[in-house]
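Comments concern the structure below.
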2 protein chains.
Amino acid sequence: MEKMQGGAKGRNGAAGRAERPLQRDPERTRASILAAATQEFAENGIGGARVDAIAERAGINKRMLYHYFGDKEQLYLAVLEEAYVGIRTAEKSLNLSDLEPEQGIAELAMFTWGYFLEHPEFLSLLGTENLHRARWLRQSTRLKELHSSFIDKLSDLLQRGRKEGLFRPDVDPLNLYLTIAALGYFYLSNQYTLSTIFGRDLMDKSNLDVWKRHIVHVTLASIRG
Amino acid sequence: MEKMQGGAKGRNGAAGRAERPLQRDPERTRASILAAATQEFAENGIGGARVDAIAERAGINKRMLYHYFGDKEQLYLAVLEEAYVGIRTAEKSLNLSDLEPEQGIAELAMFTWGYFLEHPEFLSLLGTENLHRARWLRQSTRLKELHSSFIDKLSDLLQRGRKEGLFRPDVDPLNLYLTIAALGYFYLSNQYTLSTIFGRDLMDKSNLDVWKRHIVHVTLASIRG
DNA sequence: CCACAAAGTAACCGATTAGTTACTGGCTTG
DNA sequence: CAAGCCAGTAACTAATCGGTTACTTTGTGG
């Protein structure tokens with residue numbers, strides 16, 4: 001892999017222009033397959049996703065897809081892994097330990113909501129993975145090591161709040177995180193059936209804003225001592 | 001359709017026994033196709049479901065499936081409609097207007113949780129339907145008329161609570177219902193990825209009990225004035 | 001500068017899958 | 001009791017889909 005990077009630098013010696021796309025570019029090909037597959041799997045699930053559609057979306061020959069990823073299932077696994085890496089990476093930008101307890105919880109809730117809102121494909125992939133009882137997640141050694149350090153940080157935050165007499169003494173950090181995630185996930189992933197049944201456009205800007213504040217309110221109300 | 005019902009009554013004239021299965025029984029065949037299809041669609045989504053698998057599960061010839069339901073998509077729609085009718089029917093057994101406001105909210109929360117817990121196939125079908133942006137739900141005239149009368153009842157309950165000074169004045173009934181549904185739906189439908197990532201068996205009896213109480217607690221804490 | 005490995009293409013293949021055709025057999029109705 | 005309709009069967013088909021084969025092109029290291 002490192003060899004490739006070295007090779008890619010000295011390209012296009014004639015004009016020095018980086019604009020002309022290389023005729024052969026493994027990294028770019030791999031990345032565009034992954035991006036196309038993410039879209040396709042998110043839109044259609046694993047059973048509905050079409051290998052030919054992914055190839056077409058990526059603008060590559062189907063053979064390359066097998067060249068880089070083995071088969072459809074391994075490609076799906078790569079997509080899933082990348083999606084989890086994405087949210088765990090973004091989480092790191094949150095610095096809960098510097099904040100007041102209540103503010104920290106509010107920030108965590110708003111961050112989670114914001115990430116879900118901006119990454120519908122992540123929610124969709126979670127849904128697909130759960131439909132299959134985490135069949136691929138369970139077999140991924142890479143993802144099992146990746147489990148969130150959130151819970152530890154959250155635990156500290158709760159303990160600080162408890163000492164200041166702000167929070168109830170029996171708050172479980174995992175349950176708190178599940179509460180935050182549940183309120184965001186359900187609202188967004190079920191938006192289509194909910195909007196249809198209740199006749200209210202949940203994705204309307206003002207409704208989204210109300211729900212964001214709602215999540216913070218519910219979360220804090222449930223843990224205050 | 002009405003003809004069928006009339007014809008089915010006078011069956012088995014010879015022995016009068018209802019136990020011996022009829023050689024030909026439209027209602028039973030239709031019902032077993034629907035039950036088998038519910039399982040298959042819930043387990044595999046619409047793209048992953050196999051018509052042959054449904055036929056085998058139902059113990060019928062594939063031709064019958066097309067005979068009764070037209071094609072795969074119409075069969076899926078029938079399954080979805082039946083699933084919604086199921087929960088709306090169960091909802092009617094709840095009599096919120098007879099209860100104290102706080103008790104009423106608690107009952108609603110526990111009912112919703114209990115129904116989700118006992119009907120995983122309903123949650124799965126919701127997930128599938130949302131993956132496809134409510135494509136079938138939106139085209140179902142039957143389901144659009146069925147939308148929950150919960151919201152109205154819930155509205156009354158909230159107003160009563162408000163008058164007694166128990167609840168905050170600005171509680172939106174739909175948002176309250178979404179909160180209750182979100183906490184139940186996310187915990188159960190995402191149990192596989194969550195249990196894997198956080199290393200805790202969410203379906204353990206005691207954890208289920210904790211979460212049930214948690215839903216009631218969170219819901220009430222968020223609306224108390 | 002050329003040999004070799006890796007990137008890339010096009011055409012193909014066997015298996016699967018949704019849906020059909022052509023038929024049999026049993027129940028009801030006149 | 002006969003006629004006709006409808007439940008039910010088995011075998012088939014056309015199309016789709018995941019995956020492969022056989023081949024060409026491109027870049028790079030000895």
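Numbered from 1 within each chain, the chains take letters A, B, ... in sequence-line order.
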Output side-chain donor-acceptor pairs under 3.5 Å for residues 193-201 of chain A, partner residues at least two apart or in another chain, one line each.
| residue | atom | partner | partner atom | Å |
| --- | --- | --- | --- | --- |
| Thr193(A) | OG1 | Asn190(A) | O | 3.3 |
| Thr193(A) | OG1 | Asn130(B) | OD1 | 3.4 |
| Thr193(A) | OG1 | Asn130(B) | ND2 | 3.0 |
| Ser195(A) | OG | Gln191(A) | O | 2.8 |
| Ser195(A) | OG | Arg200(A) | O | 3.2 |
| Ser195(A) | OG | Leu202(A) | N | 3.3 |
| Thr196(A) | OG1 | Tyr192(A) | O | 2.7 |
| Arg200(A) | NH1 | Asp172(B) | OD2 | 3.3 |
| Arg200(A) | NH2 | Asp172(B) | OD1 | 3.4 |
| Asp201(A) | OD1 | Met203(A) | N | 3.0 |

Side-chain donor-acceptor pairs under 3.5 Å in residues 76-87 of chain A, sequence neighbours left out?
| residue | atom | partner | partner atom | Å |
| --- | --- | --- | --- | --- |
| Tyr76(A) | OH | Glu129(A) | OE1 | 2.7 |
| Glu81(A) | OE1 | Arg142(A) | NH1 | 2.9 |
| Glu81(A) | OE2 | Ser140(A) | OG | 2.7 |

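Going from atom CD of Glu40(A) over to atom C1' of dC17(D) covers 12 Å, rounded to whole Å. In this structure, CD of Glu27(A) is placed 11 Å from P of dA7(C), rounded to the nearest angstrom. Per the geometry, CD1 belonging to Ile33(B) stands 11 Å off P belonging to dA7(D), to the nearest Å.
Within the structure, every side-chain polar atom (N or O) of Thr29(A) is placed at least 4.0 Å from both OP1 and OP2 of dA7(C).
Side chain of Ser222(B) to main chain of Val218(A): no donor-acceptor pair is present (N/O by atom type, distance under 3.5 Å, no hydrogens or angles).
For Thr141(A), there are no side-chain hydrogen bond (donor to acceptor under 3.5 Å, both in side chains) partners at least two apart in sequence or on another chain. In this structure, Ala35(A) has no side chain to side chain contact (heavy atoms under 4.5 Å, CB included) partners at least two apart in sequence or on a different chain.
Residue pairs meeting the salt bridge (Lys or Arg N to Asp or Glu O under 4.0 Å) criterion with at least one member in residues 35-48 of chain B, sequence neighbours excluded, are Glu40(B)-Arg57(B), Glu43(B)-Arg57(B).
Shown for residues 46-71 of chain B: residues whose heavy atoms fall under 4.0 angstrom of DNA chain D, namely Asn61(B), Arg63(B), Met64(B), His67(B), Tyr68(B).
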